[in-house]
Asks: 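My questions all concern the structure below.
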Amino acid sequence: MGTYFIGIDSGTSGIKAVLFDLAGNEIAKKGYPLTGIFPTEDRYEEDMIEIWDKAKACIRELTAQYADYPVVGLGITAQGDGLWLVDAKGNPVRNGCCFCDGRAGGIVDRWVEDGACEKLFALSGTRIFSGNQNGIVKWMDENEPQSLQKAAYFMHLKDYLFYKFTGAFTTDTTDQSLVFVNPVTRQYDRRMFEVCGIDQYFDKYPPLKTPEENALKIRPELAKELGLSADVVITSGPMDVAACALGSGVIENEECCSIIGTAALHEMVLDKPLQDSIQAGMTVTHMPQDRWLRLMASLAGTPNLEWMLNTIGRQIRIDAEAAGRNVYDYMEEMIQSVPIGSNGILYHPYLLAGGERAPFTDSRARASYTGISVRHTLADIARATYEGVAFAMLDCYQHMPRTPKKITVCGGGANSAVWCQMFADALGSEIVTVKGEELGAKGVMLNNAVVQGFYPSYQEAVKACVETDKVYQPDMENHAQYMRYYELFKLTYEQQFKTWKLRGQLIRE
């Protein structure tokens, strides 16, 4: 009958369970949307009970439909950062705070001013932003201390799910890289807690393990409920960015991966941490013990297209439906008649509650179109929206320690040939995609397979299970044009730092 695995991936907008065979092929998947909760403009929360209920529903549907496929392992990944509080019985204390939450913006501003941010970067290789767990904990300490007092453990989302599957409170090195783990020793570094003024909560952090060590069998009563064997091995981690890199086969020095999803996460593999002093981005431990990810975790992802289509671009959706066309195919055909630079319109894609976090950090950053005149059309605006995400991607790689030669693109953006070619031209780098759609879930499936000894190493797992799909070569003449507009893109957002600050003050009033 073969050997099968399930990968769980809980993102910002939805959760899914994916069934894989041992070769990493996707057999089936089930998923549900998740409800975003926005108490104020700068907050983004989710209901932890809803997430767990939908995780179970996904698995039950898979095991009911594929009852003859013996599942031996289940791996978990999820969005990183944020804060997910549970009591001693593993029950949520409150809603979870997501990675794109912006409530700690003022805390981060204070840390920038008093030098704490610089100290943290020197220790961890991570530039703090408002969605990091340390800032949210400090905000809770000052504004909602009762939640911290009720909590037995300060967790990440995948840690909460791992507890629900196994009954064990643990965490892993990839999530805790942001920002409590020494990148060299891969152990908690208490100095980071002290710099943040949250050392009093150190004992509320779960035991730290590598994703290889973070493995237990499923709770027997839960196995029966979900239609799984009681011998199924549950693994927790790595967090989504490292899981996508592993699932994309990006594990060797200087290989690059960009995840174009709700956020746009751009990462480069390094063979040693802290190789540069660029005060931007993050440093995350990768799966092989001698590899790290230099991560520019931009928030500028696919929601920019969705928002544009649902607001100022609604006519595009109407026209596509009238023509019986897929709206994205229709729109991408439309924008190809517009030249590079969108006839002078620039779009800055800082749409989410957390503003932007790479290569600059400003929780107050907000999206905007500039350069619009009476001569412009909806096609110009649509192309500018695509280009805005491409410019934000270019901006991130301009701040990496190396120049990328090849970038593997995954996430929803990888499904667009037009966008992938735009990425290639804008960055002047080869863009490749790999076969399969759920690469985060595939990454934790590969980790589970290595943990159980089905593959002797991550390198062998990648060699057996990851296959290139499409390749996009850059047009260097187009690249030269994009670089000219990139200078304008960068200059424009730099001029908005003061405006965003004033806007934030006015909104709070």
Side-chain angles (χ1 to χ4, degrees), residues 8-10 75-84 99 120-121 123-128 132-134 137 153-163 166 168-193 196 201-216 233-247 250-253 257 265 267-275 281-295 297 440 443-448 450-451 457-459 461:
I8 295 285
D9 188 352
S10 187
I76 309 165
T77 192
Q79 58 172 290
D81 296 305
L83 179 62
W84 309 79
F99 78 94
L120 287 168
F121 187 87
L123 292 169
S124 67
T126 289
R127 172 77 178 192
I128 300 306
N132 286 132
Q133 191 173 98
N134 55 343
V137 170
Y153 293 101
F154 296 1
M155 307 191 85
H156 290 85
L157 178 53
K158 65 166 181 48
D159 303 332
Y160 165 68
L161 293 174
F162 185 66
Y163 166 77
T166 66
F169 294 106
T170 68
T171 188
D172 88 306
T173 51
T174 61
D175 255 328
Q176 296 297 2
S177 299
L178 309 174
V179 292
F180 297 119
V181 167
N182 182 302
V184 177
T185 66
R186 301 191 180 216
Q187 298 298 317
Y188 283 129
D189 189 330
R190 197 146 187 170
R191 293 174 297 173
M192 301 183 197
F193 293 83
C196 298
Y201 301 112
F202 181 80
D203 292 337
K204 294 196 175 192
Y205 277 79
L208 181 65
K209 299 185 176 185
T210 68
E212 288 178 276
E213 298 167 335
N214 214 10
L216 287 170
V233 173
I234 309 293
T235 51
S236 180
M239 66 182 286
D240 57 358
V241 292
C244 279
L246 178 60
V250 176
I251 58 173
E252 298 300 343
N253 191 38
C257 176
L265 307 165
E267 46 197 349
M268 176 179 287
V269 180
L270 299 175
D271 59 3
K272 59 182 179 180
L274 308 179
Q275 290 189 27
M282 306 170 183
T283 300
V284 179
T285 61
H286 202 10
M287 298 305 297
Q289 291 298 299
D290 57 352
R291 295 289 183 268
W292 289 261
L293 291 167
R294 190 70 168 94
L295 172 65
V444 290
M445 167 262 155
L446 294 179
N447 179 56
N448 195 288
V450 170
V451 167
S457 67
Y458 293 114
Q459 287 80 2

Asks: Could you tell me which residues satisfy salt bridge (charged side-chain N to carboxylate O under 4.0 Å, His left out) with Asp159, sequence neighbours excluded, listed by chain and number?
Replies: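 Testing Asp159 for salt bridge (charged side-chain N to carboxylate O under 4.0 Å, His left out), a comparison that skips the adjacent residues, returns none.
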Asks: A side-chain contact here means heavy atoms from C-beta on lying under 4.5 Å apart; do His156 and Thr171 qualify?
Replies: yes
Asks: Please give me the minimum heavy-atom distance between Leu123 and Met192, naming the atom from each residue.
Replies: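 It is O-CE, 3.6 Å.
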Asks: For the atom pair CG (Asn447) and OG (Ser236), what is the distance rounded to the nearest 0.5 Å?
Replies: 9.5 Å
Asks: Measure the CG-CG distance between Leu293 and Leu270 for me, rounded to the nearest 0.5 Å.
Replies: 8.0 Å
Asks: Check side-chain hydrogen bond (donor to acceptor under 3.5 Å, both in side chains) between Thr166 and all other residues, then give those that pass, not counting sequence neighbours.
Replies: none
Asks: Can you measure from CG (Asn253) to CG (Asp290) and round to the nearest 0.5 angstrom?
Replies: 9.5 Å
Asks: Tell me, do Val137 and Leu83 make a side-chain contact under 4.5 Å, heavy atoms counted?
Replies: yes
Asks: The criterion is side-chain hydrogen bond (donor to acceptor under 3.5 Å, both in side chains); which residues satisfy it with Glu252, sequence neighbours excluded?
Replies: Arg291
Asks: Can you name the side chain to side chain contact (heavy atoms under 4.5 Å, CB included) partners of Pro207, sequence neighbours left out?
Replies: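 Pro207: no side chain to side chain contact (heavy atoms under 4.5 Å, CB included) contacts found.
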Asks: Kindly say whether the aromatic ring centers of Phe193 and Tyr201 come within a distance under 6.0 Å.
Replies: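 Centroid separation for Phe193 and Tyr201: 6.0 Å or greater.
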Asks: Return the minimal non-hydrogen interatomic distance between Arg186 and Pro288, and the atom names on each side.
Replies: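 Looking at all heavy atoms of both residues, the shortest contact is NH2-O, 3.6 Å.
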Asks: My understanding is that only residues two or more places apart in sequence, or in another chain, count here; which of them pass side-chain hydrogen bond (donor to acceptor under 3.5 Å, both in side chains) with Arg294?
Replies: Asp276
Asks: Please find the pair of heavy atoms, one from Val233 and one from Ala215, that lie closest to each other, and give the distance.
Replies: CG1-CB, 4.2 Å
Asks: Once ring-ring contact (aromatic ring centres under 6.0 Å, His included) is applied, do any residues pair with Tyr153, and if so which ones, sequence neighbours excluded?
Replies: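 Once residues adjacent in sequence are excluded, the partners of Tyr153 under the ring-ring contact (aromatic ring centres under 6.0 Å, His included) criterion are Phe169.
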Asks: Got a sec, which residues hit side chain to side chain contact (heavy atoms under 4.5 Å, CB included) with Asn134, two or more places apart in sequence or on another chain?
Replies: Trp111, Leu120, Ile128, Asn132, Val179, Phe180, Cys196, Ile198
Asks: Could you grab the distance from atom OG of Ser177 to atom CG of Asp172, nearest 0.5 Å is fine?
Replies: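 Answer rounded to 0.5 Å: 7.5 Å.
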Asks: Partners of Ala243 by side chain to side chain contact (heavy atoms under 4.5 Å, CB included), sequence neighbours excluded?
Replies: Thr77, Pro238, Val444
Asks: Taking Gln176 for its side chain and Thr173 for its backbone only, find out whether a donor-acceptor pair lies under 3.5 Å.
Replies: no
Asks: Could you check whether any side-chain heavy atom of Gln289 comes within less than 4.5 Å of a side-chain heavy atom of Glu212, counting everything from C-beta outward?
Replies: yes
Asks: Please report the shortest heavy-atom distance between Val184 and Pro273, naming the atom on each side.
Replies: CG2-CG, 4.0 Å
Asks: Whether the side chain of His286 engages the backbone of Val250 through a donor-acceptor N/O pair (distance < 3.5 Å, no angle test) should be reported.
Replies: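 Yes; at least one donor-acceptor contact below 3.5 Å.
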Asks: If the condition is ring-ring contact (aromatic ring centres under 6.0 Å, His included), which residues does Tyr160 pass it with, not counting sequence neighbours?
Replies: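 ring-ring contact (aromatic ring centres under 6.0 Å, His included) list for Tyr160, sorted by chain: empty.
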Asks: Can you name the residues that form a side-chain hydrogen bond (donor to acceptor under 3.5 Å, both in side chains) with Thr126, not counting sequence neighbours?
Replies: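 side-chain hydrogen bond (donor to acceptor under 3.5 Å, both in side chains) check on Thr126 returns nothing, list empty.
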Asks: May I ask you to test the Ile76-Thr235 pair for a side-chain heavy-atom distance under 4.5 Å?
Replies: no
Asks: Which pair of heavy atoms, one from Ser124 and one from Pro183, lies closest together, and at what distance?
Replies: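 So the two residues come closest at O-CG, 3.9 Å.
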Asks: Search all heavy atoms of Val451 against all heavy atoms of Pro211 and return the closest pair with its distance.
Replies: CG2-O, 4.2 Å
Asks: In Å and rounded to the nearest 0.5 Å, what is the CE to CD distance from Met287 to Gln459?
Replies: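 If I round to the nearest 0.5 Å, the distance is 11.0 Å.
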Asks: Taking the side chain as C-beta and beyond, is there a heavy-atom pair between Tyr188 and Phe202 under 4.5 Å?
Replies: yes
Asks: Which residues pass the side chain to side chain contact (heavy atoms under 4.5 Å, CB included) test with Ala78, not counting sequence neighbours?
Replies: Ser10, Leu157, Lys158
Asks: Can you tell me how far the NZ atom of Lys209 sits from the OG1 atom of Thr170, to the nearest 0.5 Å?
Replies: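 OG1 of Thr170 is found 6.0 Å from NZ of Lys209.
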Asks: Evaluate the side-chain proximity of Trp292 to Val284: yes if any heavy-atom separation is below 4.5 Å, no if none is.
Replies: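 When only atoms from C-beta onward are counted, Trp292 and Val284 do not touch, as no gap falls below 4.5 Å.
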Asks: Yes or no on side chain to side chain contact (heavy atoms under 4.5 Å, CB included) for Val269 and Ile251, after CA distance, side-chain angles and deciding distance?
Replies: CA-CA 6 Å; Val269 180; Ile251 58 173; 5.7 Å; no
Asks: Taking the side chain as C-beta and beyond, is there a heavy-atom pair between Thr283 and Leu295 under 4.5 Å?
Replies: no
Asks: Short question: side chain of Gln133, backbone of Met155 - any donor-acceptor pair under 3.5 Å?
Replies: yes
Asks: Please examine the side chains of Val241 and Glu267, heavy atoms only from C-beta on, and report whether any two atoms are closer than 4.5 Å.
Replies: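 Yes, close enough: below the 4.5 Å cut-off.
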